[in-house]
Amino acid sequence: MYTEDDFIMINALQHYIFCPRQCGLIHIDDVWQDNLFTVRGKILHEKVDTDTYETRGDVKTVRGLRIHSYKYGLVGKCDVVEFKETVKGKEIMPVEFKAGEPKEDISDKAQLCAQVLCLEEMLRTYIKKAAFYYGKIKRRNYVDIDDKLREQTITIINEVRSIISSRKVPTVGYSNKCKNCSLIHICQPKAINKTYVQKYINELYSI
Ligand code: SF4
């Protein structure tokens with residue numbers, strides 16, 4: 001069990017999957033810079049995370065629910081959690097809103113699964129399914145929270161914790177991802193590459 005001092009933000013998982021250096025810059029060095037993609041996301045979440053709830057029929061919808069897990073040392077917020085009364089009992093489903101479209105990597109799914117791990121601990125329940133609402137395609141996509149996704153997410157949580165505990169921002173060279181990264185001007189990935197190339201040459205020729 002972790003204490004609140006050890007909690008890591010759930011969004012650190014996505015930052016880590018996108019780029020371990022980005023995760024380190026944000027969650028160790030505490031830096032942030034917006035770009036078009038992050039502003040789009042912020043605008044969407046401002047509309048959704050309203051700290052309100054409503055009941056329609058047999059579904060209660062809670063928005064902006066704060067969540068945590070002492071078992072996994074996580075803290076964050078759910079955009080939406082739906083509580084539905086069924087004949088088998090209460091069905092609980094987090095729904096995460098995304099401005100874009102489904103991603104090929106696991107980052108969004110890991111975020112959703114981490115939310116599920118928190119909700120299961122807080123509400124003493126088991127959640128089989130969760131969902132995304134993607135603004136670009138205006139559609140809800142359901143995700144099975146199966147054993148494989150749970151294992152992958154727990155591995156990522158452990159990797160993120162290890163980076164944050166080390167207090168060392170990982171060094172990652174320039175890649176295609178950098179073009180879409182809001183931290184590119186802070187990170188200076190090409191300068192990192194040059195430094196490393198220069199270091200390699202220096203070591204090679206004992207300069
Ligand atoms: S600019 Fe590139 S290397 Fe730097 S944090 Fe962003 S994605 Fe990672």
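The figures here come from the full heavy-atom set of this structure, side chains too, leaving out hydrogens, waters and symmetry mates. Just follow the structure's listing: the first ligand is 1, and inside any ligand the first atom is 1.
- Less than 4.0 angstrom separates some heavy atom of I184 from each of these atoms of ligand 1: 1 (S).
- Taking the six-membered ring wherever Trp is involved, the centroid distance between the rings of F7 and Y70 falls below 6.0 Å.
- Distances from ligand 1 to the non-hydrogen atoms of F18 include at least one value under 4.0 Å.
- Near V172, with a cut-off below 4.0 Å to any heavy atom, the atoms of ligand 1 are 3 (S).
- Side-chain atoms of E120 do not come within 3.5 Å of backbone N or O of L117 as any donor-acceptor pair.
- Here the side chains of L149 and D144 are not in contact, with every heavy-atom distance at 4.5 Å or above.
- For the residue pair D105 and S107, a side-chain donor N or O sits within less than 3.5 Å of a side-chain acceptor on the partner.
- Both tests do not hold together for K98 against Y134: distance to the six-membered ring centre under 6.0 Å, angle to the ring axis within 45°.
- Near Q22, meaning under 4.0 Å from any of its heavy atoms, are these atoms of ligand 1: 5 (S).
- Side chains of E121 and Y72: no donor on one and acceptor on the other come within 3.5 Å.
- The closest approach between any non-hydrogen atom of L183 and ligand 1 is not below 4.0 Å.
- Ranking protein heavy atoms by distance to atom 4 (Fe) of ligand 1, first place goes to C187 SG, 2.3 Å.
- Nearest protein heavy-atom contact of atom 8 (Fe) of ligand 1 is C19 SG, 2.3 Å.
- A cation-pi arrangement is present between R161 and Y2 under the rule of less than 6.0 angstrom and at most 45 degrees off the ring axis.
- Between atom 6 (Fe) of ligand 1 and C181 there is an N/O/S contact shorter than 2.8 Å.
- Distances from atom 2 (Fe) of ligand 1 show that C178 has an N/O/S atom below 2.8 Å.
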